[in-house]
Amino acid sequence: MGTDPLNDQHAQEAQASEDLKSLALGCLDDMQAEETIAIDLAGKTSLADTMIIASGRNHRHVGAIADKILQGLKNGGYGTPRVEGMPACDWVLIDAGDLLVHIFRPEVRGFYNLEKIWGDDRPSAHLGG
């Protein structure tokens, strides 16, 4: 009896998603991002598997953190993700497919409060019929 190719594919995708998350968290740690949290989005949305939210101390710090993540993704072979917000650096969104990274200035983060919107207290999406 052989292995199930579908299960093997799911395992590989899950590992790739976890590797992507670890890379981003490592970059955030290297750049001393503040109040970093990772939110598991599995079962809540099809947008991504994980959302990471972090803060930078000011515009320059937010931009530097985003640059570090983008460079890490490129060097890690993940290609070039979509990026929004780099010119102003109040809120930078990096969309790397299975991973969304939001980097905020603290006052902007408090205003939008994504943790409350996407956190554990949010009801899961009902999949299926």
Worksheet item: Are L28 and V92 joined in one hydrophobic group, where the rule is that I, L, V, M, F, W and Y side chains link up if heavy atoms are under 4.5 Å apart?
Response: yes
Discussion item. Can you give me the closest heavy-atom contact between D98 and S17, atom names plus distance?
Written reply: CB-OG, 3.9 Å
Worksheet item: According to a 4.5 Å side-chain heavy-atom criterion applied to Ile, Leu, Val, Met, Phe, Trp and Tyr, with indirect links allowed, do I65 and L93 form part of one hydrophobic cluster?
Response: no
Fill in: Sub-4.5 Å side-chain heavy-atom contact between I69 and I103
yes
Fill in: Atom CD of E84 with >12 non-hydrogen neighbours under 6.0 angstrom
no
Worksheet entry | Derivation of the side chain to side chain contact (heavy atoms under 4.5 Å, CB included) call for I94 and L73 | CA-CA 10 Å; I94 299 172; L73 293 172; 4.1 Å; yes
Discussion item. Can you give me the closest heavy-atom contact between E115 and I39, atom names plus distance?
Written reply: CA-CD1, 4.2 Å
Worksheet item: Taking H61 for the side chain and M31 for the main chain, is one N or O donor matched with an acceptor at less than 3.5 Å?
Response: yes
Item to complete: I would like to know whether H102 and I52 meet side chain to side chain contact (heavy atoms under 4.5 Å, CB included); could you show each step before the answer?
Response: CA-CA 6 Å; H102 297 272; I52 297 175; over 6 Å; no
Response to the item:
Residues C27 and G72: closest non-hydrogen pair is SG-CA, 4.4 Å
Practice prompt. Any chance you could lay out the side chain to side chain contact (heavy atoms under 4.5 Å, CB included) test for Y78 and D19, step after step, and finish with the verdict?
Written response: CA-CA 10 Å; Y78 292 100; D19 291 347; 3.4 Å; yes
Worksheet item: I53, L25: one ILVMFWY side-chain cluster at the under-4.5 Å cut-off?
Response: no
Practice prompt. Please report the shortest heavy-atom distance between K21 and A38, naming the atom on each side.
Written response: CE-CB, 4.0 Å
Worksheet item: What is the minimum heavy-atom distance between G63 and C89, and which atoms define it?
Response: CA-SG, 3.6 Å
Worksheet item: Same cluster for L23 and L70 if Ile/Leu/Val/Met/Phe/Trp/Tyr side chains link at under 4.5 Å?
Response: yes
Response to the item:
From the list L41, N113, I37, D40, side-chain contact (heavy atoms from CB on, under 4.5 Å) partner of W118 resolves to L41
Worksheet item: Side chains of D67 and Q71: donor-acceptor distance under 3.5 Å anywhere?
Response: no
Response to the item:
Rounded to the nearest 0.5 angstrom, the CG-OG distance for D29 and S22 is 12.0 Å
Worksheet item: For the hydrophobic clusters of this structure (ILVMFWY residues joined by side-chain heavy atoms under 4.5 Å, transitively), does one cluster hold both L47 and I117?
Response: yes
Discussion item. Rounded at 0.5 Å granularity, tell me how far OH in Y112 sits from CH2 in W91.
Written reply: 5.5 Å
Item to complete: Test D90 against V62 for side chain to side chain contact (heavy atoms under 4.5 Å, CB included), laying out the working first.
Response: CA-CA 7 Å; D90 283 328; V62 169; over 6 Å; no
Worksheet item: Rounded to the nearest 0.5 Å, how far apart are CG of D95 and CZ of R82?
Response: 4.0 Å
Fill in: Nearest heavy atoms of A48 and L100, plus distance in Å
CB-CG, 3.8 Å
